[in-house]
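Report on the structure given below.
Keep in mind the model is a prediction, meaning the values are calculated, not measured. In what follows, chains are A, B, ... by sequence order, proteins preceding strands, each numbered from 1.
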Number of protein chains: 2
Amino acid sequence: MSKIVVDPRKRPRQRRSEATVDAILEAAARILESDGLDALTTNAVADRAGVSVGSLYQYFPGKTALLAELIRRERGALVRRIAATAAKPASNLEADVAAFIDAAVAHQLTRPALARALDFLEPTLPLDAESSTLNANLADIVSAFLMRHGVTAPEQAARDLIALTKGMVDAAGMTGETDHASLSSRVTRAAVGYLLR
Amino acid sequence: MSKIVVDPRKRPRQRRSEATVDAILEAAARILESDGLDALTTNAVADRAGVSVGSLYQYFPGKTALLAELIRRERGALVRRIAATAAKPASNLEADVAAFIDAAVAHQLTRPALARALDFLEPTLPLDAESSTLNANLADIVSAFLMRHGVTAPEQAARDLIALTKGMVDAAGMTGETDHASLSSRVTRAAVGYLLR
DNA sequence: GTCTATAAGCAGATAGAC
DNA sequence: GTCTATCTGCTTATAGAC
């Protein structure tokens, strides 16, 4: 194996190639969802995407870069969702927390198996600057919000709430739960309990 | 790769061989802790254990069986700990929940990196009957306890509390947290909030 | 019972034709 | 730009010596 390269942006994409890149990423996502990480080989991804390995390597310098990009997109979508929620606060701690968690649950329930696989995958990858930044952004948004509400140790609280949410939602996904409202309210109960007790 | 075999008990151990088995498992644990799953090859484990691959395969029918046994032991220890806690209830929901979580936190903080690695690994392995039973035992103990306290939907609550705890503790481990008391009290706050709100 | 050496298979990655 | 064919290295697993 050569040096691990995480950043696919070194190979700036042609506009027309975006469809190919998307097809590759979508193929990888579907393999992760249906067969797990072990089945995610470059050949399998290329097959499923309807291209050859050679083409895959034209767009991604390695398997790791492909996975990193997948995480980057997922995380980006989540952060945008949370940021949008943060933009319209109800200035009531409990309602705002509920809104955050609702957004996170909605995001995870869109493609539960994929979200879970990426959650597990992320800590094992050498994250590039952008992905780290996205995670930091998420924590920062929550942290800033908590601070505004006068929560003590807002950074630690943000980490705890994110972890708690991730844990509960991933577990729910594993048991096949799909009831957004129920899950969201249970997570909110734990989160608000954490904050107000 | 041949058929995946998870159950090492097909090869009943000689009494004197237990030391070798322990050495192999401990070597695997240490590699998981220090270098992660990718570094855990059968050769690396054998090396670190001071035996040859041949010997390893005499005790474990495959890499998967080795990992399964590692999980079985860890989970067994946790379940025993939780069961012991359940045996002396304070008959006060909050205090009992705190005791459970204290036990779980203590367990995870014993070898945080290992516990985390196994938590991530477990869902990817084809679990044998005994490991599944251990997990079910854990959920059952918590569930029965919650039912005794009149909690509604005790099975779902047990799953949620276990997931919430796992999520928070694993995340804390990743950031290098070692303060048992602080972590334990934060998790308890979330758990009690979940139950009483 | 434990070792060494090696077989067998596969994944990641590349070269070169078209 | 995309494909086919191939190489290289590594991992699992086994065979056979001691």
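Salt bridge R48(B)/D35(B): present, at least one basic N to carboxylate O contact under 4.0 Å. For R159(A) and E155(A), the salt-bridge test fails: no basic side-chain N is under 4.0 Å from an acidic carboxylate O. Note on E177(A) versus R116(A): no salt bridge recorded, every NZ/NE/NH1/NH2 to OD/OE distance being 4.0 Å or above.
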Which atom pairs, one a donor and one an acceptor, fall under 3.5 Å between side chains of residues 164-175 of chain A and the rest of the protein, sequence neighbours left out?
unit_1	atom_1	unit_2	atom_2	d
T165(A)	OG1	L161(A)	O	2.8
D170(A)	OD1	Q108(A)	NE2	3.0
T175(A)	OG1	A172(A)	O	3.0

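Computed from coordinates, the L67(A) CG to dG12(C) P distance equals 10 Å when rounded to whole Å. In this entry the distance linking CD1 of I24(A) with P of dC3(D) reads 9 Å, nearest Å. Going from atom CG of D47(A) over to atom P of dC3(D) covers 11 Å, rounded to whole Å. Rounded to an integer number of Å, the gap from OH of Y59(B) to C1' of dC3(C) is 13 Å. Rounding to whole angstrom units, OH of residue Y57(A) and P of dT6(D) are separated by 18 Å. With rounding to whole Å, L56(A) atom CG is found 15 Å from dT4(D) atom C1'. Rounding to whole angstrom units, CD of residue Q58(A) and P of dG1(D) are separated by 8 Å. Distance K63(B) NZ to dA13(D) P: 9 Å, rounded to the nearest Å.
Considering only side-chain N and O atoms, S52(B) lies nowhere under 4.0 angstrom from the phosphate OP1 or OP2 of dT4(C).
For residues 30-44 of chain B, proximity to DNA chain D is found at L40(B), T41(B), T42(B), N43(B), defined as any non-hydrogen atom under 4.0 angstrom from a strand atom.
Contacts classified as ring-ring contact (aromatic ring centres under 6.0 Å, His included) and involving residues 92-118 of chain A (residues at least two apart or in different chains) are given here: F100(A)-F145(A).
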Let me see the working for L125(B) and T64(B) under side-chain contact (heavy atoms from CB on, under 4.5 Å), right down to the final yes or no.
CA-CA 7 Å; L125(B) 289 179; T64(B) 313; 3.7 Å; yes
